[in-house]
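Contents: one structure, followed by commentary.
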Number of protein chains: 2
Amino acid sequence: MRRPTITDIAERVGVSKGAVSFALNGRPGVGEATRARILQVAKEMNWRPHSAARALGGARAEAVGLVIARPASALGVEPFFAQLLSGLQAGLSAQSVALQLLIVEDAEAEMEIYRDWTSAHRVDGFVMVDLMVRDPRIAVLEELGVPAVVLGGPGKHGTLSSVWADDREAMLSIVDYLAALGHRRIAHVAGLPAFRHTQRRTRALRDRAARLALEEAVSVHTDFSDSEGAAATRALLSRPHRPTAIVYDSDVMALAGLGVAGEMGVKVPDEVSIVAFDDSVLTRIAHPAITALSRDTFAFGKRLAEVMLAVVADPEQRRDVKTETPRLTVRESTAPPAAWPGDQNG
Amino acid sequence: MRRPTITDIAERVGVSKGAVSFALNGRPGVGEATRARILQVAKEMNWRPHSAARALGGARAEAVGLVIARPASALGVEPFFAQLLSGLQAGLSAQSVALQLLIVEDAEAEMEIYRDWTSAHRVDGFVMVDLMVRDPRIAVLEELGVPAVVLGGPGKHGTLSSVWADDREAMLSIVDYLAALGHRRIAHVAGLPAFRHTQRRTRALRDRAARLALEEAVSVHTDFSDSEGAAATRALLSRPHRPTAIVYDSDVMALAGLGVAGEMGVKVPDEVSIVAFDDSVLTRIAHPAITALSRDTFAFGKRLAEVMLAVVADPEQRRDVKTETPRLTVRESTAPPAAWPGDQNG
DNA sequence: CTTGGTTACTAAATCGCTCTAGTTGCGGGA
DNA sequence: TCCCGCAACTAGAGCGATTTAGTAACCAAG
């Protein structure tokens, strides 16, 4: 048999569709006895709402969109991202809101989807990730007037709500720690320069290095892949005057860097200290275990979901949530720098 | 201004809604000149289809569902899963089909969602993962008559289509290789016993061990987590007569096992060889690099997407796709077993 | 006994699009 | 000249729900 509709229920109970609708949605307009009868019949007939029909009437889609402009193959590699997705999912599941996930080629395509899904009422809002410097997506989302939460900040996300952790403070804490250990030549294997957070981290390093009068503080950019992370490490360790500490913008790159150090016979942490900006199983499992900035990425995703749901519920109010600044978990990959032959002259 | 509808376009062009619908969907019923004019106005007004309205008429939802019954926190840890998701996404993106992702508590909830989404025309089909022994979800999907593709096989997925790799053959190739190296005591750190693939692997090991008359071939079950993988390894390596080779059902567990070996002072591969059933960055990056069964998980996900789309396009025809059997990539974690004091007596 | 207010309900419009049945106009064959 | 057939297009029903305006029944107060 065909899937039952409220009309079927109405016929069977002997009331109008309207009454059935009221009863099923728990709103006034039907007597208790009738309501109970309707609910029972609905259950008997195994009725379920047809979300498309509801959406047509302007109701919630019970889904939020996440559109990512990255090569899809990159998604699987990043524990951070995977964890974030899990947390996001968990937060949304709590209210049975689904996640519409789509990977696209570039930001253009991403904005196109924003328009599409918004006008199709396919989602109730969007989560925007990978905030870039002068991000064109902000304007699109603002113009569409659709609920949206930006992952990243502070600032630079227009009138949209946001959830963020302080990348600047986090980087400062790393630099301070390394400086306290005695490091004076620090390298930073960063991600894509177009990302806001890459920029903030790079700047934080530069600023603090200047203030502490460090000898060297260089940031090199990569595409976040393990291969570029390895290549960057190789280049850094091949310098005549090599850095005594390297900070990696992701755990995958840190692990790759650790591998390169091993391959080049550079001892960790004796000859070079390694710090990862993200924490995950990878850093814990590595040998030596890698000192990393820990944050509960899963919880972060969950928070993101909560803010998203709040914004959907009340689009007027803008939210700007700063989450706990990640804290350094010291493991085996960091130590005071060994005296370096070149230093004896200085 | 409000989002334009086909009625707006019809008014502006001076034709009926029907004509506009025909024109926009590229079907006969309008002249070339009119069609062109309609398309142009639609573009000018920035019109976009309202998928809910279409779905109401019985059209495609342009989305497929993936419901996973696992603790959400587990999702992020598995590179295999993340990679699969990426590939799936990539395959679907090719036809602009989105992925509706939902994490639920248990199989009960999962089946409930199948019913929900099916009757709400929210998705065009489902991808089912984590095939279990006597899986109740199969019957539900069959009864609903919704297009579905099961990840796992061969067999035991009723009338549903499936995509799978031969876990049995894969395990046999590992055992053969280890036996050829001279190993006669092999342990297997497996996943959840409820999973079909865990069962198949365990059986394959047992069968081949019997045929090769190996001294020992034991499988221990875990929940796939790194901590249980580590615990299992610790137990195995603490035995008086320890195995000379350990096969792990996932790369995360293999890496954890490698860590435990290091911590216990058991040399890899000299004293124990390690093989991972899944390959990823993790195994390549580890030191020593881990010998693993490589398969292109991303491509696997993509294939899954293709089959899904094919099944949606023609639900009558059932598909059963066997993908390439994963092949062993030998790295540094496997070697012939060292002579073990206990063996001298035998 | 009427009036006013409340409750319980019905009828029908509405959302945006698709699709079928019907209408119009035009050219060509008998 | 008349009618047929076809292409081009229109009108409107229908998809499954929500929601508004309206109605009937009933009770209480005057």
Side-chain angles (χ1 to χ4, degrees), chain A residues 1-39 41-42 45-63 115-124, chain B residues 1-39 41-42 45-63 115-124:
Chain A
M1 197 199 80
R2 211 180 77 272
R3 192 166 64 75
T5 70
I6 54 165
T7 307
D8 299 325
I9 299 177
E11 269 174 25
R12 182 111 144 226
V13 178
V15 293
S16 70
K17 296 191 302 167
V20 175
S21 179
F22 290 144
L24 291 171
N25 291 290
R27 57 182 64 206
V30 278
E32 268 320 307
T34 317
R35 178 185 306 269
R37 176 112 184 80
I38 290 174
L39 289 178
V41 171
M45 299 180 80
N46 196 28
W47 175 88
R48 278 141 207 283
H50 192 301
S51 65
R54 278 190 169 157
L56 197 50
R60 296 269 166 76
E62 300 299 335
R115 295 184 209 278
D116 254 28
W117 287 5
T118 303
S119 49
H121 274 280
R122 192 163 174 159
V123 294
D124 301 321
Chain B
M1 198 200 78
R2 212 183 72 274
R3 191 166 66 74
T5 70
I6 55 165
T7 308
D8 299 324
I9 299 177
E11 268 174 24
R12 183 112 145 226
V13 178
V15 294
S16 70
K17 297 190 302 166
V20 175
S21 179
F22 289 145
L24 291 171
N25 290 290
R27 54 183 64 207
V30 278
E32 268 320 307
T34 317
R35 178 186 304 268
R37 176 114 184 77
I38 291 173
L39 289 178
V41 170
M45 300 181 79
N46 196 27
W47 174 87
R48 277 141 208 284
H50 192 301
S51 64
R54 277 191 170 157
L56 198 47
R60 296 269 164 76
E62 300 300 336
R115 296 184 209 277
D116 255 27
W117 287 6
T118 303
S119 49
H121 273 281
R122 194 162 172 159
V123 294
D124 301 320

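Just so we're on the same page: letters track the sequence lines, and every chain starts at 1. All values below were derived from every heavy atom in this structure, side-chain atoms included, with hydrogens, water molecules and symmetry-related copies excluded.
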Problem set entry | Side chain proximity check, Leu24(A) to Ile6(A), heavy atoms < 4.5 angstrom | yes

Problem set entry | Atom pair distance, as rounded to whole Å: CD1 in Ile38(B) and P in dT18(C) | 12 Å

Exercise. Would you say Arg35(A)'s side chain and Ala19(A)'s backbone share a donor-acceptor pair under 3.5 angstrom?
Worked result: no

For this session: Using a heavy-atom cut-off of under 4.0 Å over every strand shown, decide if Thr7(A) touches base, sugar-phosphate, or nothing.
Result: nothing

Exercise. For Arg48(A), what residues pass the side-chain contact (heavy atoms from CB on, under 4.5 Å) criterion, not counting sequence neighbours?
Worked result: Asn46(A), Glu112(B), Arg115(B), Asp116(B), Ser119(B)

For this session: Determine the minimum heavy-atom distance between Leu39(B) and Ala23(B), stating which atoms define it.
Result: CD2-O, 4.1 Å

Exercise. Pro49(A) near the nucleic acid: base, sugar-phosphate alone, or nothing, with a heavy-atom cut-off under 4.0 Å?
Worked result: sugar-phosphate

For this session: Indicate, with a heavy-atom threshold strictly under 4.0 Å, whether Val20(B) touches base, sugar-phosphate, or nothing.
Result: nothing

Tabulate atom names and distances for all N/O pairs under 3.5 angstrom spanning the protein and nucleotides 19-28 of chain C.
{"unit_1": "dC19(C)", "atom_1": "OP2", "unit_2": "Arg27(B)", "atom_2": "NH1", "d": "3.1"}

Seminar exercise, completed: note: Glu11(A), atom CD; dT10(C), atom P; distance rounded to Å ~ 13 Å

Problem set entry | Comparing Gly31(B) and Leu56(B) on DNA chain D - which has the more 5′ nearest nucleotide | Gly31(B)

Exercise. Under a criterion of less than 4.0 angstrom to any heavy atom of chain B, what are the 5'-terminal and 3'-terminal contacting nucleotides of DNA chain D?
Worked result: dA8(D) to dG16(D)

Exercise. If you take all heavy atoms of Val41(A) and Arg12(A), which pair is closest and at what distance?
Worked result: CG1-CG, 3.9 Å

Exercise. Does Leu56(B) reach the side chain of His50(A), with side-chain heavy atoms less than 4.5 Å apart?
Worked result: yes

Problem set entry | Ile9(A) side chain near Met45(A) side chain, heavy-atom distance below 4.5 Å | yes

Problem set entry | Which atom of Thr7(B) lies closest to which atom of Lys17(B), heavy atoms considered | OG1-CD, 3.5 Å

Problem set entry | Flag side-chain contact, heavy atom, 4.5 Å: Ser51(B) against Glu62(B) | no

Exercise. Taking only side-chain nitrogens and oxygens of Ser16(A), does any of them come within less than 4.0 Å of OP1 or OP2 of dT10(C)?
Worked result: yes

Problem set entry | Residue-phosphate contact under 4.0 Å: Arg54(B) side-chain N/O, dT18(C) OP1/OP2 | yes

Exercise. In whole Å, what is the span from the NE2 atom of His121(A) to the P atom of dG16(C)?
Worked result: 8 Å

Exercise. Tell me: CG of Asp8(B) to P of dC15(C), nearest whole Å?
Worked result: 11 Å

Problem set entry | Whole-Å gap separating P (dC9(C)) and CD1 (Ile9(A)) | 16 Å

Exercise. What is the nucleic acid contact for Arg48(B), judged by heavy atoms within less than 4.0 Å: base, sugar-phosphate only, or nothing?
Worked result: sugar-phosphate

Exercise. Taking atom C1' of dC15(C) as reference, at what distance in whole Å does atom NE2 of His50(A) sit?
Worked result: 14 Å

Problem set entry | Sugar-phosphate only, base, or nothing, as touched by Gly29(A) at under 4.0 Å among non-hydrogen atoms | base

